[in-house]
Amino acid sequence: MVRVVRATQVEIETAVQALRDGELVAFPTETVYGLGANAQNPAAVRRIFEVKGRPPSHPLIVHLDSPRYLHRWVRDVPDSAARLAEVFWPGPLTMVMPRAPNVHDVITGGQDTIAIRVPAHPMAQQLLTAFGGGIAAPSANRYGRLSPTRAEHVREEFADTVRVILDGGECQIGLESTIVAFEDEGVRLLRPGSVTAAQIKGAVGELLLGAAATSPRVPGSPPTHYAPRTPLTVVPSGEIDAQAEAASAGGRRVAVLAQRLPLRSHKYVTWINAGRRPEMYGRDLYTNLRTLDKAGCQQILVQAVPEGERWDAIRDRLLRAASSVAESDDGTGTRAVLP
Ligand code: TXA
Ligand code: MG
């Protein structure tokens with residue numbers, strides 16, 4: 001595993017200059033790689049949408065090096081947000097708060113809220129501190145596709161369009177940040193991530209789950225997102241071998257993402273054992289799906305992951321990556337947390 005944690009001074013200066021010139025810079029965070037622009041330059045932010053093929057109604061997260069300039073972006077910081085910032089920033093938590101008046105509509109999709117995150121990755125910190133302002137950044141992938149967790153993933157999609165790609169090695173978490181919003185009724189979980197619901201509850205007392213009618217839109221959550229090109233199906237855990245066997249009948253090639261080795265070898269099956277530890281499974285998920293997507297198979301079958309909150313973010317991403325979810329009676333095929 002490659003771990004490059006710090007960029008050179010020259011790399012950071014080049015990236016900062018690119019941001020100042022209105023260009024895009026891809027950079028590592030501990031969750032996934034971001035595709036960044038100067039958040040105060042609307043033309044540069046618009047470029048992000050163009051390059052990604054992302055609809056303009058999907059708002060972006062603004063990244064800061066610390067909460068010290070939060071008031072430039074946020075009108076009122078809710079008390080519970082201040083508390084969560086103390087506990088989880090810098091880190092994999094994004095907070096949706098009331099936007100300050102001068103924040104550009106291109107970032108927020110015209111909503112009256114703004115999403116803010118203070119990432120912990122040392123290279124993201126170096127870049128943000130040297131730049132000295134907010135960097136608007138979605139994940140550095142084309143709209144609807146798998147998020148990048150290595151610089152080479154970004155290069156595969158954007159080598160021609162993004163001149164500066166900071167290489168910080170493999171992202172340690174590998175799944176996008178947890179997102180929360182603040183409503184009159186309390187704090188609401190909008191996207192599960194490695195900061196778990198229980199951890200947030202521990203900090204603020206309670207947590208609302210599922211979108212309310214009044215919740216801000218999280219357009220990153222249409223049903224198919226974070227998806228490989230090969231059709232992906234989540235199958236009940238105990239049926240993975242039988243389904244792989246059935247799907248490969250007649251010589252069809254099938255790719256499998258499981259949590260153990262196959263019970264016996266299947267002739268036309270490419271099998272990845274991603275293990276039973278949610279941290280490692282999550283860190284490797286997008287890389288594994290990319291590998292399986294390139295394996296020349298007609299179908300990807302994913303063994304449903306266990307119940308339990310440590311698997312929530314993984315279960316959420318798998319269901320979004322899925323083109324179909326096989327019915328099961330053990331609860332593993334149900335859609336969780338987000339609609
Ligand atoms: O880990 C992450 O969060 C990565 C790294 C680069 O920070 N970023 C990321 O960005 O995943 P993106 O754009 O791929 O996903 C951000 C999500 C989207 O679903 C977007 O709709 C939602 O955050 N979002 C942004 N601003 C929002 C707002 N004001 N209200 C509700 N949702 C918002
Ligand atoms: Mg994304």
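These values consider heavy atoms only, across backbone and side chains, with no hydrogens, waters or symmetry-generated copies. Read the numbers this way: they start at 1 and go in the same order the structure lists the ligands and their atoms.
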> Quick check on contacts: which atoms of ligand 1 are under 4.0 angstrom from a heavy atom of Arg117?
1 (O), 2 (C), 5 (C), 7 (O)
> Walk me through it: do Met95 and Phe182 pass the test side chain to side chain contact (heavy atoms under 4.5 Å, CB included)?
CA-CA 8 Å; Met95 300 202 268; Phe182 302 89; 3.5 Å; yes
> Answer yes or no: is there a donor N or O on one side and an acceptor on the other, between the side chain of Glu170 and the main chain of Arg150, under 3.5 Å?
no
> Check each atom of ligand 1 against the heavy atoms of Ile61 and keep those under 4.0 Å away; list them by number with element.
3 (O), 8 (N), 9 (C), 10 (O), 16 (C)
> For Glu176, take its heavy atoms, then give the atoms of ligand 1 lying under 4.0 Å from any of them.
1 (O), 11 (O)
> Could you go through Val87 and Gln199, starting from their C-alpha distance and side-chain angles, then the distance that decides it, and tell me whether this counts as side chain to side chain contact (heavy atoms under 4.5 Å, CB included)?
CA-CA 10 Å; Val87 180; Gln199 287 176 300; over 6 Å; no
> Which one holds for Met97 and ligand 1: side chain close, backbone close, both close, or neither close, with close meaning a heavy atom under 4.0 Å?
neither
> In plain terms, say whether Arg290 and Asp293 are close enough for a salt bridge, that is, a side-chain N and a carboxylate O under 4.0 Å apart.
no
> For Ile179, counting its heavy atoms only, list the atoms of ligand 1 lying under 4.0 Å from any of them.
17 (C), 23 (O)
> Can you find a non-hydrogen atom of Leu60 under 4.0 Å from ligand 1?
yes
> Are Asp167 and Arg155 close enough, and set up right, to give a salt bridge (Lys or Arg N to Asp or Glu O under 4.0 Å), and what steps lead you there?
CA-CA 10 Å; Asp167 188 342; Arg155 276 186 224 116; 3.3 Å; yes
> Tell me, yes or no, whether the heavy-atom count around Arg310 atom CZ, taken from other residues, nucleotides or ligands under 6.0 Å, exceeds 12.
no
> Name the orientation class of the two ring planes belonging to Tyr143 and His58 (parallel below 30°, tilted from 30 to 60°, perpendicular beyond 60°).
perpendicular
> Can an N, O or S atom be found in Asn141 less than 2.8 Å away from the Mg ion (ligand 2)?
no
> I need the atoms of ligand 1 closer than 4.0 Å to a non-hydrogen atom of Thr113, numbered in the order shown.
28 (C), 29 (N), 30 (N)
> Do Arg72's NZ or CZ and the ring of Tyr69 fall within the cation-pi criteria of under 6.0 Å and 45°?
yes
> Taking only heavy atoms of His63 into account, list the atoms of ligand 1 that are under 4.0 Å away from them.
5 (C), 6 (C), 7 (O)
> Which atoms from ligand 1 have a heavy atom of Ser139 less than 4.0 Å away?
8 (N), 9 (C), 10 (O), 12 (P), 14 (O)
> Could you list which atoms of ligand 1 come closer than 4.0 Å to a heavy atom of Arg191?
2 (C), 3 (O), 9 (C), 11 (O), 15 (O), 16 (C), 17 (C)
> Among Ala181, Gly193, Pro59, which residue places a heavy atom closest to atom 33 (C) of ligand 1?
Pro59
